[in-house]
Each structure stands twice: as C-alpha cells, then as structure tokens.
Protein chains: 2
Amino acid sequence: MTDGVVERSRPRDRILETARDMFHKHGIKGVGVDAITEAAGTNKMTLYRHFESKDELIVECLRANAAKAGAMWDAFEAEFPGDKLAQLHAWVRRAAAMLNADGRGCDMANAAAELTEPDHPARLVIKELKEAQRERLVALCRGAGIGQAELLADTLSLLFEGARVSVQTVGAEGPSTQFVRMAEGLIVSFRGAAAG
Amino acid sequence: MTDGVVERSRPRDRILETARDMFHKHGIKGVGVDAITEAAGTNKMTLYRHFESKDELIVECLRANAAKAGAMWDAFEAEFPGDKLAQLHAWVRRAAAMLNADGRGCDMANAAAELTEPDHPARLVIKELKEAQRERLVALCRGAGIGQAELLADTLSLLFEGARVSVQTVGAEGPSTQFVRMAEGLIVSFRGAAAG
DNA sequence: CTAGGGTGTTACCGGTCTGTAACTTCCAGA
DNA sequence: TCTGGAAGTTACAGACCGGTAACACCCTAG
C-alpha cells in the first residue's frame, strides 16, 4: 500500500518502476522480489519471465536511473540552449532540490555501498553513469569559459556527492544546507581566476 | 581465511573486531552472524552471550569506529599541540590517505545507506559521530584563524565525504584524485579572505 | 580439589530469501 | 469463434537468516 504504484500498465514496466521505488526507499538487500511483485500488483513468476534474476532487475533499475539522469541534462540544454553557464547554474539549483527531496542519497552510491562484489554487473553501470555525469559537468564548465574546467567540475561533483550522503547521515539540516552557497562561490571564484 | 583476525584475545573483542572488518568489506546486510563468529574463531552462542542482537553488534561496531576516529583527532593535537592550522593540514593528509586505503567508503555512510529504518538504533550513533567530526573540524578552522570557519569546515567535510563515495563508485582514479588540491586551495582561499 | 563461570558444540525453530514447476485463466488478434 | 501467448496461481525446493535450548567442557579462583 505505501509502496503502491500499481497503475495499469504492462507488468514489466510496473515491476521496474516499483522496484526502483522500493530499492530507493529500503535499499537493495532490504527488499525481496516477493515484496516487489506484490507491490507491483503481480507475482514472482511474471517477474522471472521478464528478468532472469534479481541482479538483472537491479541492473535494469540502475539503467533506468541513468536514463532519467540523462534526460535531466538534456532538459538543461533545452531550457538554456547554448548558454552553458546558465545550464551550470540550473544544475546547481537542481542538485540543491534533490538534497531536499527525501532523506535518501544517490541510488547509484547506495547501490555501490551494498553490492560489494567487485565483479557485480551493477558496478559497471554505476561507474559508467558516474563517468557520464562527470563528462557532462566538465562540458558545462568548459563551455562556460572556465579555465580549470575539470577541476571545477570535479569539485562540484564531490561537493554534491558529499551533500547527498550528508543528508543521509545527519539529515537535511547539516552541512548540506550550504551547498548552493559553496557551489556558487566556487563558480564565481573559478570564473574570476579565468578572467584575471 | 581472508577475513581471519583470529588472534588469541577475549571472544567478545575478536567478534567485535571481526564484525567491524567484515561489515566494512561486505556491508552489514551482506554478512550473517554465523559467518562473523566462524571468522572470529568462535560460535553463535558466544556472540549472543555478549550482544543481545545483531543490531546491538552493529551499534557497537559503529561506536568502535567512532572511538577510533576520536583517537585520530587526538593524535593531531598531540603531534601539533596548539597549532590548529598544522592540525588542519594533517587532517587533509590523513583524509587523502583514507581515500587510497581501499575501495570502500565511510562505514558510517555505508551503514546509513543500508539501514533505512528511520528509528534504527545505529542511525543515532551515525548522526552523533558525524556531528562530532564536524565540530572538531570547525574547531580546527576557527583555531586556525579562519573567518568563515563553519563554511570552510562544512565545505571540506562535504568534499571528503564526496571523495569517499567517489572512490566507491568510479574508483580511486576519479575526481577524488584532486581532493588534496581542492582542500588546500580552499584553505588558502579562506585564509586570504580572512586577512584581506 | 572443587565450584562455577565462560566457552564450545550440536541441534533446532520459524521465517525469509531467490528461483522453479505445473497448471489455470485471461485476452487480444485472426 | 478459435487460438496462442502473456499473465496469474499455488506449491515447492534449497539455502540462508537471526536467535535459542540443552548440554559438555575447560580453566581459573578460592
């Protein structure tokens, strides 16, 4: 009931969406396939007809997350076409909004914390997404005319990543409240360094 | 065998130490009490004579981590008595060393990712330790004569936290390689702001 | 030497986990 | 209306989980 999301759509989509939601809320190892299928209004057999294992379901969920993240970046470009600096500021606002969304951190980071086997198929997806995110942030910084684009991008991404785990450990009233100020200050500082 | 640590000491200590090690490596939900006691060279009954539940064992492990972290801060004070700026630099070096220690992130953050129940006893320990760490970092920044001590401390702590999850997701060759440069740059920048 | 507490051993409980088999029901397209 | 595939249902396998009971052992303090 609390994890509902049982709109009428194809079972595979319902399972995927429900699993994403429940993994996010309760962690991957904290949710069994039975609970997922029940919340999705279907059953275990149907799940195993569409996904060959729970691990594959996990991977598919993470891929869906990656796709959603990709769409976010595209939305920035659509909203401020060509204006990379404006897109960078949009990213900061968007990141800050995520911090206040709920007390859970990044699904990718959480999955990496749980899936400790070094050759787990999910680790590849996680790494790919994180590297893609970094490249897009670097591209924004570079496009915004910032000299040390990689360094700023890495700094901003570590700050954001840190802020997300901070809300998960000490809550939304901790150091993460300063995220926007930090990020904006860094952007100003790096732009100043490029100009001066 | 890989998770050995079976020196001859009192069973309780062996269990605690082994559990800490295995929780760190494989995650909390990824390790059962049977595996812990076997690696500690003892048995499940002995575990339950010293800890009333797995949850209590978890809490005790996190407390041990907190104690070790506290000792680290005391070591800074012992090495550079009174010189808060030197202690701050020592913290940066120490933090960087932790990044290259192994691919696993902060035990507290990982535990927070796994233990999603909002009233889990471990969450209190996690929050307390993180807040204590923040206060000690703020004290160092303030003692070093930095004007916006809280802001610098929060920035450094988010950077470090982010770097730890970064090594866990993309590996040690990702953005975390720039951690020292970022941190030292920030310290210089904040000191300059105080002077000017 | 003896008593007693800490420890080890074995077996077990009820529950949950991922994953499968065999069968029934439903529904859309021809 | 017929048919074939997708979906639902029930039951189960085999493993593991946290936690407990009952009992044998050993080692040290008195």
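Chain letters run A, B, ... following the sequence lines, proteins first, then strands; residues in each count from 1.
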Could you walk me through whether B:R164 and B:D107 pass salt bridge (Lys or Arg N to Asp or Glu O under 4.0 Å), step by step? CA-CA 10 Å; B:R164 296 208 76 175; B:D107 288 335; over 6 Å; no

Protein-nucleotide distance (A:L57, atom CG; C:dG19, atom C1'), rounded to Å: 14 Å

Heavy-atom check, side chain of A:R134 versus side chain of A:D154, under 4.5 Å: yes

May I ask you to decide whether A:R20 forms a salt bridge with A:E17, counting only side-chain N to carboxylate O separations under 4.0 Å? yes

Distance, rounded to the nearest Å, where B:M22 contributes CE and D:dC17 contributes P: 10 Å

Does A:T42 place a side-chain N or O at less than 4.0 Å from the phosphate oxygens OP1/OP2 of D:dA7? no

Test for a donor-acceptor pair under 3.5 Å between the base of C:dG19 and the side chain of A:K54, counting only N and O atoms. no

Grab the CG-P distance between A:D34 and D:dT9 for me, whole Å please. 13 Å

Does a side-chain N or O of A:H50 approach OP1 or OP2 of D:dA6 to a distance below 4.0 Å, or not? no

Using atom CG of A:L47 as one end and atom P of C:dA21 as the other, report the distance to the nearest whole Å. 16 Å

Send over the distance from A:F51 CZ to D:dA7 P, rounded to a whole Å. 11 Å

Which is more 5' along DNA chain C, the nucleotide nearest B:P11 or the one nearest B:K44? Just name the residue. B:P11

Need to verify one output field. Residue with the more 5' nearest nucleotide on DNA chain C, A:A35 or A:M45? A:A35

Does the D:dG5 base have a donor-acceptor partner in the side chain of A:R49 within less than 3.5 Å? no

Expressed in angstrom and rounded to an integer, what is the separation of B:E38 atom CD from D:dC17 atom C1'? 15 Å

note: B:R10, atom CZ; D:dT28, atom P; distance rounded to Å ~ 14 Å

Separation of atom CG in A:N43 from atom P in C:dT20, rounded to whole Å: 15 Å

Anything under 30° is parallel, anything over 60° is perpendicular, the rest tilted; go ahead and classify A:W73 against A:W91. parallel

State, yes or no, whether a side-chain contact exists between A:T37 and A:T46 at a heavy-atom distance under 4.5 Å. no

Any B:T46 side-chain nitrogen or oxygen under 4.0 Å from OP1 or OP2 of C:dG8: yes

